[in-house]
Amino acid sequence: MSEAQGEIIAADSGTRGQQNASSDPYGHRLAQWERRAEWPLVIAACAFLGAYATQILARPGGVLEAAAEATLWVTWAMFLGDYVVRLAIARRRGRWFVRHLLDLAIVVLPMLRPLRLMRFFTVLAIIQRNTGTMLRGKVAIYTVGATVLTVIVAGLAVFDAERGSGGSIRSFGDAVWWAFVSIMTVGYGDYVPVTVTGRIVAVGLMIGGIALIGVVTATLASWIVERVSVRADAAAVATESQVEALRTEVAELKEMIRALGARPAR
């Protein structure tokens, strides 16, 4: 192998390494772990949501209450394990830690027993983090799923906060209607949270509704630009092929003219 070939191979390897580093800024091992943990964590978050809803709506006692509480602890342990593993294998650990403080909050906040509201944010953050990558490109599915999930979980949280407060939200149906109206930023005012916790949920829900509209708009715009780009690229390829065909025909015509010119006159 010549020295020039060796330099070319080394440069190509360096370029590939830079591309891999840019696509996986915290390392290939972390990217692999996150891909493998996607579905287990989504299932755990759904179980967490089921137990959370059971505690609020059914107010169970005895065995059912113990089962719901055990489910919350087991799923929380899964979230904790995922966070510890990702922190351990991240290539730039300090930078990863600073940029994933929400993941740390997911693990820490549900352990503060008085803050049951934090369970609401835990469910949303876990499912959002994992289904966002799995449903990328499927705008309609992701939008509908995220909206329904947010409305249900916010309804649970505000119903838990407003129950017994004497306010206008007296049933889970009222809470779901209020959540739907709030996330759409309509705000009829027929149902209004009166507790501090309920108003915190309301603020988060209204901000989430605006963010959801923005995400949908940006995703649709990105999809349109991508489709236009694909068509433009296809048209450019077609134009290049047509030019190449014309060049071939011109070359053939030149050969024919030369052949005719080379024939002896009679």
Side-chain angles (χ1 to χ4, degrees), residues 1-43 86 89-92 95-96 99-100 125-150 183-185 208-266:
M1 181 184 297
S2 66
E3 183 178 353
Q5 289 176 335
E7 291 178 354
I8 293 173
I9 293 175
D12 183 64
S13 300
T15 303
R16 291 181 181 178
Q18 291 176 355
Q19 290 175 349
N20 292 334
S22 61
S23 60
D24 299 329
Y26 301 111
H28 183 62
R29 293 175 60 198
L30 179 60
Q32 279 187 330
W33 170 263
E34 289 180 341
R35 284 194 296 269
R36 292 173 181 174
E38 277 180 352
W39 279 112
L41 287 180
V42 169
I43 294 172
R86 289 190 295 142
I89 65 178
R91 187 171 54 191
R92 301 174 183 175
R95 184 178 179 184
W96 185 92
R99 295 196 173 187
H100 292 78
I126 285 290
I127 296 182
Q128 168 77 15
R129 194 191 83 193
N130 292 282
T131 56
T133 56
M134 288 185 289
L135 296 179
R136 188 171 296 151
K138 301 178 181 178
V139 181
I141 297 176
Y142 180 71
T143 303
V144 173
T147 303
V148 171
L149 175 68
T150 304
I183 200 172
M184 294 294 117
T185 65
I210 296 173
L212 181 63
I213 294 172
V215 167
V216 172
T217 304
T219 305
L220 286 174
S222 175
W223 179 79
I224 292 172
V225 170
E226 181 181 356
R227 297 297 298 176
V228 171
S229 176
V230 169
R231 292 185 178 182
D233 292 341
V237 171
T239 303
E240 290 178 1
S241 63
Q242 291 170 355
V243 170
E244 190 63 30
L246 288 174
R247 287 177 180 173
T248 303
E249 292 180 3
V250 170
E252 291 176 354
L253 289 173
K254 287 182 178 179
E255 290 296 329
M256 292 174 62
I257 293 173
R258 288 173 185 172
L260 290 173
R263 289 182 181 180
R266 294 180 179 179

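All values below were derived from every heavy atom in this structure, side-chain atoms included, with hydrogens, water molecules and symmetry-related copies excluded. We're numbering straight along the sequence, starting at 1.
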For residues Arg99 and Tyr26, determine if any side-chain heavy atom of one lies less than 4.5 Å from a side-chain heavy atom of the other.
-> yes
Could you tell me which residues satisfy salt bridge (Lys or Arg N to Asp or Glu O under 4.0 Å) with Glu249, sequence neighbours excluded, listed by chain and number?
-> none
Where Ile89 and Leu30 come nearest, the two heavy atoms and their spacing | CD1-CA, 3.7 Å
Those residues that, when tested against Glu252, pass salt bridge (Lys or Arg N to Asp or Glu O under 4.0 Å) (two or more places apart) | none
